[in-house]
Amino acid sequence: CPTNGSVMSLKAKAANFYAKHNFTPERWDAYLAAVRECSWMFEDKPSFDGRVWKKKNFDFLITEKCYLGVKEDRYGTY
């Protein structure tokens with residue numbers, strides 16, 4: 001169970017991410033819909049080298065790397 005401080009930190013990160021990219025409720029929904037198309041983000045998958053890629057969490061969804069990857073359609077549905 002996360003501590004109250006980490007929950008507040010996550011809320012602050014999410015609020016900053018939302019504001020930085022000028023999300024509206026409609027744009028946020030569109031972003032999350034695009035993320036849902038990236039099914040690989042939501043399950044552990046074996047890597048080509050024998051390791052396992054772990055499923056992503058909300059912290060990853062509010063990073064520049066994820067946002068740009070989804071926006072530029074680099075993540076696909078593989």
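In this chain, numbering begins with 1 at the start of the sequence shown.
- To the nearest 0.5 Å, atom NZ of residue K71 and atom CD of residue E64 are 10.0 Å apart.
- Contact record, D29 with R36: O-NH2, 4.5 Å, taken as the closest heavy-atom pair.
- Distance alone, capped at 3.5 Å, is enough to place a donor-acceptor pair between the N57 side chain and the F60 backbone.
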- Could you go step by step and tell me if K45 and K55 meet the side-chain contact (heavy atoms from CB on, under 4.5 Å) rule? CA-CA 8 Å; K45 294 191 99 158; K55 64 183 173 182; over 6 Å; no

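- W28 is linked by a ring-ring contact (aromatic ring centres under 6.0 Å, His included) to Y18, F23, Y31, counting only residues two or more places apart in sequence or in another chain.
- Here the closest non-hydrogen pair linking H21 and R27 is O-NH1, 2.7 Å.
- Residue N16 holds its CG atom at 9.0 Å from CD1 of I62, rounded to the nearest 0.5 Å.
- For the pair W53 and P46, the tightest heavy-atom approach, listed with the atom from each and the gap, is CE3-O, 4.5 Å.
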- Could you walk me through whether V70 and L61 pass the side-chain contact (heavy atoms from CB on, under 4.5 Å) test, one step at a time? CA-CA 10 Å; V70 169; L61 298 181; over 6 Å; no

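- One hydrophobic cluster holds both F58 and Y67 under the rule that ILVMFWY side chains link at heavy-atom gaps under 4.5 Å.
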- Message: Is there a side-chain contact (heavy atoms from CB on, under 4.5 Å) between M41 and C66? Walk through the geometry before answering.
- Response: CA-CA 10 Å; M41 284 191 202; C66 182; 3.9 Å; yes

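- Using a cutoff of 4.0 Å between basic side-chain nitrogens and carboxylate oxygens, K54 and D44 are scored as salt-bridged.
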